[in-house]
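Side chains are part of it too, since the values below use all heavy atoms of this structure and drop only hydrogens, waters and symmetry mates. Quick note on labels: first sequence line is chain A, next is B, and so on, each numbered from 1.
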Amino acid sequence: MNEKFLKPYDPKETEDRIYKLWEKSGFFNPDNLPEKDKGYFSIVLPPPNVTGTLHLGHALEDSIQDLAVRYKRMKGFKTLWLPGTDHAAIATQAKVEKEIQKKEGKSRYDLGREEMLRRVKEFAQQSHDTIVSQVRKMGASLDWSREAFTLDERRNLAVKTAFKSMYDAGLIYRGNRIVNWDPKGQTTISDDEIVYEERKAKLYTFKYSKDFPIYISTTRPETKVGDVAVAVHPEDERYEKFIGQEFDAEFCGVAIHIKIIADKEVDKEFGTGALGVTPAHSMTDWEIADRHDLPRPQVINEYAKMTVGDERLLNKKTTEAREVIVNWLRSEGLLEKEEEISQNVATAERTGGIIEPLPKLQWFIAVNKPIKERGGKTLKDLMREPVEKGEIKIIPDRFEKVYYHWIENLRDWCISRQIWYGHQIPVWYRSASLTTDQKKEICCDINSPEGEGWEQDSDTLDTWFSSGLWTFSTLGWPEKTGDLKNYHPTSLINPGYEILFFWVARMILMSQFLLGEIPFKTVFLHGILRDKNGKKFSKSSGNNIDPVEIIEKYGADALRMSLISGTGMGNDSNFDENKVKGYKNFANKIWNITRFILENTDLEDFSSLKDAGPLSKEFEDMANDMTSDMENYRFHLAAEKIYQYIWHRFADEILEDSKKVIKEGDDNSKKEVKKSLAYIWINCVKMLHPFMPFVTEEIWSMLPQKRNNLLMIEEWPF
RNA sequence: GCACUCUUAGCUCAGCUGGUUAGAGCGUGCGAUUCACAUUCGCAAGGUCAUAGGUUCGAAUCCUAUAGGGUGCACCA
């Protein structure tokens, strides 16, 4: 017996060594797996953002996926788990900008595009390297030979190809529309990148001029210089008689022309029941302007400063302009009342800037446009249908409803960003001005067009555009590769439910349109891992834990097991270090069980054993139950089952009972008992392997076997 | 406003399609120990499964309502 067993199990000594052994074996790459004719199984790793290092939430994700992957591999599938990282455009650039601002007091404009990009890339590379080493520490059996990055060259080709094909189909268009402008990050963002924060605000009720017949309410008086109408509900008796009338007014030095219109969007109960329509600076007002064919004067610019008025307003920040206007209203006797209300303020997810809705010329994906090549279906249809038909299964299924609801409310997706880090839009223009003249020559292609004077659009793409291609861009698309044929649609995707819209929906959109097939068959959503007190892990609240820190202390096996067991599907869970400690003890327990078995069963070859004698049925029932849990993604139950069986049935009872026989029994019964102990044990070690791969692999290498396989490719029992 | 979700032992949570005395881990109390393991073992205490109704032979599990916590979406003038 190996003398290692005389000491407690030491994950530190074991884990890195075992990981190297696995990598050397080549079995992470399915091309090297033995042929078993069971078919293919594939997962792409949700690529972590290169904005920093991994936290425990990633460890949870890695644990679940590695568990699924190792199980399928043992089941004999050609199993591919494909790693990669995400450039996370805005998030990464914003992070680096922040640091440079803090350390050097410089903005990205001070550095210039080229130098800024160099800095971001450098940072991204460092993050990448840390992330990869963290993932390895977890024991993740990823095929590193296929590693991808959302911003590498192959993915860039995929992005350009996708863009062109959607452009040619008329689904990507450039339009002057109201967008979410982030004055802090100096870029547009999509609806999904907005976070609403509840804040106290003042609601002012006033009228534009003395002879104006209706009072209106607003929290943003400064935008009112851009008003073109007052909208009332069509059935509001109070205002019916005014509908259709038009008024001129001089509003704090700005001449405005107001038409009174009726629109069903207006809520009779809110404020005075009359809405001042500011088409250029409010999403709903923009739509009202659409319906009533109103002008849309812009009064605020990209820096959240006023662009109209005399010295009182012009070039003032919106917050200053607000005070000016409120004071003016007061002095003119137009202000009826002010009241405190709480309102949701739209802020940018990554920079925290307060969103300023502005009309801008941007690129969009049309989600409601009938697609000829798809029999008149829209992108929304293409997203909805595979889930409705059950081709894509979402687990837990309650998220299907959430998914449909999101699709119903979806507006055209703004994909252009005014940041530098990302995939540059593959469109070229031939004319001096890029922003104003729409009639100039335009060319969308994979490569820059022939001829003189072409200039590429300086905008980059929303990071989710490239992540949307992830299931197939990683497999070689647009080339028709063998990987694409074998591994797409992928079998399973396992993100947190918080990116169902951002990512899962977009992958379905992209794959459905570009490949005409689903990106994955099963979406298994996991919950969010929170800290001990139920708070979300985040860098800002200082509760971030590096998984490697926990691994150093307790071992990766213990961490994995603690994250998986006792957590209901799709439920959030709290991280508990004590639980990890408990599973470290468990690792030691199975270590010592092995020692006992090696000391007490003098069998030469475990692999030829066929059953566990009288204990066979009980054991096989447990194993079958557990296998069925594995098949149905009830990993937390499977983990609990094997744990309970090993510790409290096998060790506490079966093994204890065997002592007497081994000591006092006759030769025959001794031999029977030894055989069934050994039989149960090798199968327990196999079944525990997806959960605790390191310690089981280490144990496996010390059991007396004639075959000399790694445990990771052993056959799953029964 | 609409939807989803949670409320089970002191704490953190499991409990899959309704089925015998409701489970685990940690914690607590008592005890054991030359025995594979003190990172151990045995025993014990501790729950009217949020509340009120209903369906059923039978409900923690299904239905309805209520209360409290969380989340998403819409509105946010």
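When the salt bridge (charged side-chain N to carboxylate O under 4.0 Å, His left out) test is applied to A:Asp602, the partners found at least two apart in sequence or on another chain are A:Lys674. Scanning for salt bridge (charged side-chain N to carboxylate O under 4.0 Å, His left out) contacts around A:Arg411 gives A:Asp191, A:Glu287, with sequence neighbours left out. Scanning for salt bridge (charged side-chain N to carboxylate O under 4.0 Å, His left out) contacts around A:Glu388 gives an empty result, with sequence neighbours left out. A:Glu408 pairs by the salt bridge (charged side-chain N to carboxylate O under 4.0 Å, His left out) definition with A:Arg384, not counting sequence neighbours.
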Kindly give the atom pairs (protein nitrogen or oxygen, nucleotide nitrogen or oxygen) under 3.5 Å for nucleotides 34-36 of chain B.
from, atom 1, to, atom 2, distance (Å)
B:A36, O2', A:Asn592, OD1, 3.0
B:A36, N7, A:Lys659, NZ, 3.4
B:A36, N6, A:Glu656, OE2, 3.1
B:A36, N3, A:Asn592, O, 3.2

Anything under 3.5 Å between a protein N or O and an N or O of nucleotides 22-24 of chain B, put it in a table, one pair a line.
from, atom 1, to, atom 2, distance (Å)
B:A24, O3', A:Gln644, NE2, 3.3
B:A24, O2', A:Glu640, OE2, 3.1
B:A24, O2', A:Gln644, NE2, 3.4

Can you give me the N/O atom pairs linking the protein to nucleotides 2-8 of chain B at distances under 3.5 Å, or say none if there are none?
from, atom 1, to, atom 2, distance (Å)
B:C4, OP1, A:Lys401, NZ, 3.0

Throw together a table of side-chain donor-acceptor distances under 3.5 angstrom for residues 639-651 of chain A, partners on residues two or more places apart or in other chains.
from, atom 1, to, atom 2, distance (Å)
A:Lys641, NZ, A:Asp629, OD2, 2.7
A:His648, ND1, A:Asp652, OD2, 3.0
A:Arg649, NE, A:Glu618, OE1, 3.4
A:Arg649, NE, A:Glu618, OE2, 2.6
A:Arg649, NH1, A:Glu653, OE1, 2.6
A:Arg649, NH2, A:Glu618, OE1, 3.0

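Each salt bridge (Lys or Arg N to Asp or Glu O under 4.0 Å) pair with one or both residues in residues 578-596 of chain A, not counting sequence neighbours, appears once here: A:Arg595-A:Glu599. Judged as a salt bridge (Lys or Arg N to Asp or Glu O under 4.0 Å), the pairs with a partner in residues 524-536 of chain A (not counting sequence neighbours) are, in order, A:Arg530-A:Asp572. The salt bridge (Lys or Arg N to Asp or Glu O under 4.0 Å) pairs that include a residue from residues 339-348 of chain A are A:Lys337-A:Glu339, where partners are two or more places apart or lie in different chains.
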Which dot-bracket string fits RNA chain B when only Watson-Crick or G-U wobble pairs with both atom distances under 3.5 Å count, crossing pairs get [ ], and | stands for a partner on a different strand? (((((((..((((.....[...)))).((((((....).))))).....(((((..]....))))))))))))....
